[in-house]
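Sharing a structure with you now.
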Amino acid sequence: MQGFALLMPMFESWYAAIQERAVMGTLGFWENLYKEVYINFLYQERYLNYLRGLWLTLEVTFFAALLGFALGLVLAMLRVQAVQSPDGRGRRASSAVMRFLSWLAGKYINIIRGTPMLLQILIINFGIMAAVKNKTLIGIVACGINSAAYVAEILRGGILSVDKGQIEAGRSLGLSRMQTMVMIVFPQALKSALPSLCNEFIALLKETSILAYIALSDLTKAADYIRSRTYSPFMPYIISGLMYLTVVTILTKAVGVLERRLRQSDAGNEAR
Amino acid sequence: MRETKRGNTGDVLIRVEGLRKQFGKLEVLKGIDETIKKNERVVLIGPSGSGKSTFLRCLNLLEVPTAGKILLDSEDITSQKCDVNRVRRKMGMVFQQFNLFPHYTILKNITLAPTMLSIMSAAEAKDSAMALLNRVGLADKANAYPGQLSGGQKQRVAIVRALAMKPEVMLFDEPTSALDPEMVGEVLSVMIELARDGMTMVVVTHEMGFAREVADRVLFMDDGLIVEQGTPSGILANPKNERTQDFLRKVL
Amino acid sequence: MKKFLTILLVVAMLIPFAALSETYNLATAGSDGELSITMGTNAEFPPFEFVEGEDVVGVDADIAHEIANDLGLTLLISNMAFDSIIPALTSGQIDMGIAAMTVKEERLLSVDFSEPYYNARQALIVKVGGSVVDAETLKDKTIGVQNGTTGDYAAEEYTADVQRFGKALDAVLELQNGKLDAVIVDEPVAKNIVAALGNPDLILLDAVAFEDEFYAIAVAKGHPELLEAINATIKRIQEDGTLDAILLKYFPTEE
């Protein structure tokens, strides 16, 4: 940032050189491009607006991902408990309460996946959490609730992909349904679901942009704000878009590395 | 080696009364009455689809009987009041597909249940697991993962895992069927040794040599019923029932 | 090679800049050969512009119709976000921005403005018994505005905690829910929304005075003939009483 501050006078002088003609609208392509970058990024330390927005976006994404995972895990457990191996206490694998909760979890997933996230956010902001002042918290809860439905389906798929023999082996050793789930099924399910989960969280990062609708100052809102001050058609969106792209690219790379590691350890396991 | 010493069979361990099992409309078990005594080695044979695996899986309630009773040590384990998890601790099970836990080491596979169920302390469980691994010649694999083992080694570990719970009876569900031929022997020899030590065993298998060598009794199942039973020499050499004769002609 | 392609892609994305302020579609032929003029507005600002049925109506829409009639053109209305109107003008997508837009120096850098047609001041909406009672107590409070409006600029003078909404109504609803301490919007809009919500707890606070605000029509730079035509229409409707009639139609309660 220090070096950046030293360069500012230079950027300012470049802009001063074209400012007059900018008002008359007679700038060439590259001059115009520079003007757009200058007024939308450098002028009045506007890059700080983007960085603050980016930070909020990351903050909301991180906590929403945590919430989404925790809630999604509970939902997934409720969804799959009906298909687990029988318990020996009769034909019913689960109690009436559990079956009701499982049904409820199914409805939750259906409603969340069947309605636009924007509507959910507006309903939560103006309705369910109308009395909550902390916008960041609302954003986290709204995105977390949304993400949980998708996480639940990913985890459910992971759990169902675990060989039934694993459950039988656990139960035959005298482990309870819960112990088998936690110690045997879940670690394997998580491993197979991990890449999809990471991708869900990357998608979540981008989707938080619609929180701009409830006046949360995230990265998209930062672009909106700058644009309302500079009247640029789209340069602020290009800048915030590049920031999203940078973060998503880094995360995607990380997931790629993770996936390769997992595949290597799988290969080791398959060797006969 | 043939007709080695049979264990002294004693009191009744498992009593099965009128056992039926239906999958939807398909009736797989059509009323089985059977008694298995302590220290007895019972081998179940029969064509595929005869219900022998289902029968075995009913014994530890992996399949819930549609009708009938199963008593273990005179306790009705099919009753609603029965704690199925406690019952299963007394019955070790070995599966055709091994079903080792791929995300744990061999040692952890073996010590997981005894420690989780607070049957042993971590140290006890480890000592007991290492002793058992030694017996089957796999002590050096304690820290390996299942994926690094051959099929025969996996099945030997699976047997050890079940034994680590100190069960009263061992159930084997076609333990050698998924193995390459050259690995069958190593698994059978572990089972034979187990039989010599007096373990009560119920074994579903196609290995007639094994039946001949260790079984006290051979049950022939067909179409959901026990059709014929007797000593290995009786059943395998002189089958009375036509279906038994037919089956043995095909496998021997 | 990959880097080169990336640069190429970015440059391609920026090509539209080159076209800026060259396009101007006044009197371009419509699909049926009719000549049209396009008005850009943000129909979230009753009574100046709002959606009724499928049409955008309001004071500004009526004025736009007068302009189109005087020019002998068909009026097309493009409904967009308020902060998109000036960009749409500079990129030639619309011909005139009529959206209760205040003449501001920053805006004059990008567009030209007509003669003002309405004098509106900003109004401060607060909740009865709330923490804001005057200009002093407004400092550092959470203030809701519509993004990019005059109220947005005004709010920044008082606090860093400005929440910017797409709709003025949303800001007032958040005030009603207790999430905001005050809302700053144009006075006519404030009156309209407060009256519509019918919540006696919401009041317009006179204790904070804002400067006079003049609404005018924005056009892209470099189109003096269009600006002249618009000014002529404004002059006409001011003199022949049409403007008063329009205002009376949309502000029936105003004394």
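We name chains A, B, ... by the order of the sequence lines, and we start the count at 1 in each one. Only a predicted model underlies this, so the values are computations on that prediction, with no experimental measurement involved. Below, each value reflects all heavy atoms present in this structure, side chains not excepted, and no hydrogens, waters or symmetry copies.
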Practice task
Flag yes if more than 12 heavy atoms outside Lys126(B) fall under 6.0 Å of its NZ atom; otherwise flag no.
Solution key: no
Practice task
Please report the closest heavy-atom contact between Gln166(A) and Leu100(B), naming both atoms and the distance.
Solution key: NE2-O, 2.7 Å
Exercise for the section: Evaluate side-chain contact (heavy atoms from CB on, under 4.5 Å) for Leu117(B) paired with Gln179(A), printing each intermediate quantity in order. Expected result: CA-CA 9 Å; Leu117(B) 299 171; Gln179(A) 287 168 327; 3.5 Å; yes
Practice task
Identify the two heavy atoms, one from Ile184(A) and one from His103(B), that lie closest to each other, and give their separation to 0.1 Å.
Solution key: O-CE1, 3.4 Å
Practice task
Would you indicate whether Tyr104(B), at its atom OH, is surrounded by more than 12 heavy atoms from other residues, nucleotides or ligands within a distance under 6.0 Å?
Solution key: yes
Practice task
Please examine the side chains of Leu175(A) and Leu112(B), heavy atoms only from C-beta on, and report whether any two atoms are closer than 4.5 Å.
Solution key: yes
Practice task
For residues Arg161(B) and Ala169(A), report the shortest heavy-atom separation together with the two atoms involved.
Solution key: NH2-CB, 3.5 Å
Practice task
Mind listing the closest non-hydrogen atom pair of Pro102(B) and Gln188(A) along with its distance?
Solution key: CG-OE1, 3.3 Å
Practice task
May I ask you to test the Met183(A)-Met116(B) pair for a side-chain heavy-atom distance under 4.5 Å?
Solution key: yes
Exercise for the section: Considering only heavy atoms, give the residues of residues 165-176 of chain B separated from chain A by less than 4.5 Å, sorted numerically, with 'none' for an empty result. Expected result: Met165(B)
Practice task
Could you look at Phe101(B) and say if it's the side chain, the backbone, both or neither that has a heavy atom under 4.5 Å from chain A?
Solution key: both
Handout entry: Sidechain-backbone polar pair: Asn99(B) side chain, Gly165(A) backbone, donor-acceptor under 3.5 Å
Key = yes
Exercise for the section: Start with the C-alpha gap between Leu173(A) and Met93(B), add the side-chain angles, then the distance that decides, and say whether side-chain contact (heavy atoms from CB on, under 4.5 Å) holds. Expected result: CA-CA 8 Å; Leu173(A) 287 166; Met93(B) 178 115 182; over 6 Å; no
Exercise for the section: List the steps and the verdict of side-chain contact (heavy atoms from CB on, under 4.5 Å) for Arg57(B) and Glu168(A). Expected result: CA-CA 10 Å; Arg57(B) 289 159 60 82; Glu168(A) 290 183 350; 2.5 Å; yes
